[in-house]
Amino acid sequence: MSANKLHVYNTLTRKKEVFTPITPGFVGMYVCGPTVYGHAHLGHSRPAVTFDLIFRYLKHLGYKVRYVRNITDVGHLVADADQGEDKIAKQAKISKLEPMEVVQHFTNSYHKNMDQLNVLPPSIEPTATGHIIEQIHIVEKILEQGYAYVSMGSVYFDVEKFASKYNYGKLSGRKTEDLKANTRELEGQDEKRSSLDFAIWKKAQPEHIMRWPSPWSEGFPGWHTECVAMSTKYLGKKFDIHGGGMDLLFPHHEAEIAQSCAALGHDSVNYWLHNNMITINGQKMGKSLGNFITLDEFFSGMHDLLEKAYSPMTIRFFILQAHYRSTLDFSNEALESAEKGLERLLKAAALLEKIKPTEKSSVSFEQAEENCYNAMNDDFNSPIVIANLFDLVKVINSIVDGKETIDLPNLDKLKSLFNTFVFNILGLTQEENSDNSNNLLNGVVDLLLNVRMDAKASKNWDVADKIRNELSDLGFEIKDKKDGFEWELK
RNA sequence: GGUACCUUGGCCGAGUGGCUAGGCACCGGUCUGCAAAACCGGUUACGGCGGUUCGAAUCCGCCAGGUACCUCCA
């Protein structure tokens with residue numbers, strides 16, 4: 001891997017490639033966002049954090065990035081007995097709310113969770129319902145090009161016709177013959193010429209409450225059309241990066257490629273990036289599997305599978321400790337070790353600010369810096385970055401212990417390196433304990449510990465230990481120093 | 001059934017031919033009145049069998065186990 005160039009793993013070619021933007025200095029990135037018909041769960045945080053890391057790093061490299069992440073608020077079908085019914089509409093009926101009320105509620109909840117995870121907002125966050133006209137235009141274009149047909153008020157994409165000219169399945173490695181042999185019986189199949197075809201406009205059934213007029217019927221846009229319409233609108237007919245979860249590879253992204261190819265005559269995306277899944281007991285955590293834990297439940301600890309609450313930063317760090325293309329297995333043990341590791345990292349970051357430089361330096365950081373950049377340039381390898389940061393943690397602690405020395409230029413270098421990677425690129429934040437701002441409490445604890453200092457001075461160990469042990473039981477961590485003490489609320 | 005991918009130490013997770021991440025846990029030491037924190041050192045690996053090679057966790061083959069997608073899903 002060459003040292004200075006960003007390489008990304010392109011799902012389309014199954015290789016790491018040098019990243020070269022279409023327009024020098026600018027990057028266009030589109031990422032599939034959530035379908036807002038439920039609270040965000042741990043699985044949703046993976047692409048959000050992954051592409052946040054990528055967004056942050058591209059910006060750090062000096063690119064001007066337009067990051068588009070959509071909100072899917074219409075159109076996807078449910079999997080159970082209510083086949084053919086709109087997910088959002090179904091949720092709306094259950095809770096007797098307006099569909100847009102449901103959408104707004106879960107969008108707000110998603111935004112709150114993303115903010116807690118310190119995920120930066122995208123540059124543009126378009127909604128599917130806000131781009132019905134654009135989607136109708138895409139459908140019209142595909143019809144004009146002859147790669148779709150109208151049937152009973154719905155419009156279907158003609159996969160076999162498309163496949164006769166273009167390569168359908170190139171992203172997911174599928175062949176149309178194999179697909180034909182394996183497609184299940186689904187509702188509405190009789191309207192389609194082939195089981196492979198997919199709806200790009202769907203006529204609304206009477207019970208559908210989300211519906212829009214179109215040249216073909218009153219209905220709603222098809223499953224994969226919104227991303228094509230919105231990515232084209234905001235990033236152009238050709239853009240750099242398209243991201244999303246691996247589970248969207250087929251059919252969603254394959255269908256996107258087919259649609260933009262059919263409508264525009266060429267591919268839109270240069271680099272396809274896919275994050276892997278978070279698993280629970282080795283199995284994908286997913287809405288439809290019912291084995292998910294929401295982010296709010298993680299933050300509060302209110303779930304049977306959780307032994308305790310885990311902070312948003314713990315979740316973020318947990319995700320960043322694995323490479324984005326690997327599966328990541330949830331367990332209480334793994335989260336607790338992430339929590340402790342993160343604490344150690346952030347404590348070092350705080351200590352770093354207090355270090356006073358000396359005349360001479362026994363340490364330098366060129367190698368560490370190179371290692372960090374090489375790791376990020378090698379397909380955003382955050383676990384390697386973190387490993388290097390932990391090496392720096394050791395150095396910081398050794399300096400504080402007086403076992404190493406650092407001069408001003410090296411201290412500035414270390415601060416800049418550490419803070420850049422910990423806070424700017426990995427996007428971690430110090431989670432301030434709100435109780436620390438309580439002056440009354442601070443005064444009382446300081447008083448008790450000063451009493452303990454006096455007890456220690458007169459070798460009254462019983463009193464000294466009693467104060468320390470009982471404060472510890474209450475959740476305070478007491479650290480004796482040479483000439484005093486430090487404490488914090490755990 | 002088809003396609004793709006995975007299997008690393010007590011746990012989590014990097015690593016793609018030699019130099020063997022990192023975190024958590026555990027053990028020993030330093031410091032401390034004793035602790036905690038910190039530092040130093042240590043222990044436990046590459047699913048199985050074969051092959052290629054001077055050398056394989058890393059390449060190839062077979063076997064076993066697992067996952068994802070093929071229907072909405074991050």
Side-chain angles (χ1 to χ4, degrees), chain A residues 14 31-35 37-38 40-51 72 75-80 83 87 169 172-175 177-179 181-187 223 243-252 254 274-279 282-289 292 317-318 321-323 325-342 344-345 347-348 351 371 375 381-391 393-394 396-398 400-404 456 459-461 464-465 468-469 472 477-482 486-488:
Chain A
R14 319 244 159 197
V31 174
C32 292
T35 304
Y37 68 113
H41 61 73
L42 183 62
H44 290 99
S45 60
R46 189 94 194 258
V49 169
T50 295
F51 290 99
T72 296
H76 290 256
L77 302 179
V78 292
D80 52 24
Q83 270 183 17
K87 267 182 182 167
S172 57
R174 267 155 237 270
K175 295 182 169 58
E177 310 88 72
D178 296 340
L179 287 168
N182 287 301
T183 306
R184 259 189 12 174
E185 284 296 309
L186 277 177
E187 170 263 349
W223 310 343
M246 270 184 189
D247 50 352
L248 298 178
L249 239 153
F250 190 89
H252 185 58
E254 199 69 71
H274 290 94
N275 63 274
N276 214 317
M277 303 292 103
I278 288 180
T279 58
Q283 201 183 27
K284 175 180 145 183
M285 185 181 281
K287 180 94 179 166
S288 57
L289 294 167
F292 64 93
F317 187 69
F318 173 66
Q321 261 191 316
H323 187 257
R325 281 190 292 110
S326 300
T327 55
L328 174 58
D329 199 48
F330 154 83
S331 67
N332 281 285
E333 211 178 348
L335 278 172
E336 270 180 61
S337 66
E339 182 180 58
K340 286 178 185 164
L342 173 66
R344 188 152 164 249
L345 189 67
K347 269 186 186 169
L351 278 176
N371 291 346
N381 199 324
S382 54
I384 298 279
V385 172
I386 290 169
N388 278 285
L389 291 174
F390 274 112
D391 288 342
V393 168
K394 273 191 185 173
I396 290 167
N397 286 325
S398 294
V400 172
D401 275 10
K403 287 172 178 150
E404 301 278 1
K456 280 174 68 180
K459 299 198 190 298
N460 190 347
W461 308 128
D465 287 355
R468 182 183 62 198
N469 295 341
S472 294
E477 184 178 65
I478 313 303
K479 293 184 215 172
D480 285 358
K481 295 283 169 179
K482 286 192 190 78
E486 280 182 12
W487 65 271
E488 62 184 293

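Bear in mind that the values here come from a model prediction, so they are computed numbers and not experimental data. Hydrogens, waters and symmetry mates play no part in the numbers below; they use all other heavy atoms, side chains included. We name chains A, B, ... by the order of the sequence lines, and we start the count at 1 in each one.
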* Asked: Taking the same atom, C1', in B:G51 and in B:C6, what whole-Å distance lies between them?
  -> 22 Å
* To do: Sugar-phosphate atoms are those with a prime plus P, OP1 and OP2; base atoms are the rest. Using that split, label each nucleotide of nucleotides 4-18 of chain B B, S or - for protein heavy atoms under 4.0 Å, 5' to 3'.
  => S------SSSSS---
* Rounded to whole angstrom units, what separation is found between the NZ atom of A:Lys284 and the P atom of B:C72? -> 11 Å
* Compare all side-chain heavy atoms of A:Ser472 with those of A:Glu477 and state whether any distance is below 4.5 angstrom. => no
* **Sub-4.5 Å side-chain heavy-atom contact between A:Leu328 and A:Phe318** => yes
* Asked: Tell me: CG of A:Leu249 to C1' of B:C73, nearest whole Å?
  -> 13 Å
* Structure fact -> Base-pair string, RNA chain B, Watson-Crick plus G-U, cut-off 3.5 Å on both distances, | for inter-strand, is ((((((((.[[[)....(...]]].(((((.......)))))....[[[[[..)....]]]]])))))))....
* Asked: What are the two closest non-hydrogen atoms of A:Ile278 and A:Ser45, and how far apart are they?
  -> CD1-OG, 4.5 Å
* Asked: Donor-acceptor pair, A:Glu254 side chain versus A:Gly169 backbone, under 3.5 Å?
  -> yes
* **Cation over ring face, A:Lys287 and A:Tyr37, 6.0 Å, 45°** => yes
* Rounded to whole angstrom units, what separation is found between the CD atom of A:Gln283 and the C1' atom of B:C69? -> 14 Å
* To do: For B:A68 versus B:G50, give the span between their C1' atoms, rounded off to a whole number of Å.
  => 29 Å
* **Exercise: do A:Asp329 and A:Thr279 side chains pair donor with acceptor under 3.5 Å** => yes
* On the ring face of A:Phe390, is A:Arg344 found with NZ or CZ under 6.0 Å from the centre and within 45° of the axis? -> no
* Send over the distance from A:Asn388 CG to B:A21 C1', rounded to a whole Å. => 8 Å
* Structure fact -> Counting primed atoms, P, OP1 and OP2 as sugar-phosphate and everything else as base, the B/S/- map of nucleotides 26-39 of chain B against protein heavy atoms under 4.0 Å is -------BBBBSSS
* Spacing of A:Leu389 atom CG relative to B:A21 atom P, expressed in whole Å -> 18 Å
* Specify the separation, in whole Å, of atom CG of A:Leu289 and atom C1' of B:C69. => 13 Å
* To do: Classify the nucleic acid contact of A:Met277 as base, sugar-phosphate or nothing, counting any heavy atom under 4.0 Å across all strands shown.
  => base
* To do: Sticking with atom C1', work out how far B:A74 lies from B:G41, rounded to a whole angstrom.
  => 43 Å
* To do: Please state how far atom CZ in A:Arg174 lies from atom P in B:U3, giving the value in whole angstrom units.
  => 11 Å
* Scan A:Glu339 against the nucleic acid and name what it touches under 4.0 Å (heavy atoms): base, sugar-phosphate only, or nothing. => nothing
* Asked: Within the structure, does a side-chain N or O atom of A:Lys175 lie under 4.0 Å from either OP1 or OP2 of B:C70?
  -> no
* Spacing of the P atoms in B:C46 and B:G9 (rounded, Å) -> 8 Å
* To do: Calculate the interatomic distance between A:Lys340 atom NZ and B:A25 atom C1'; express it in whole Å.
  => 8 Å
* Thinking salt bridges, do A:Asp391 and A:Lys394 make one under a 4.0 Å N-O criterion? -> no
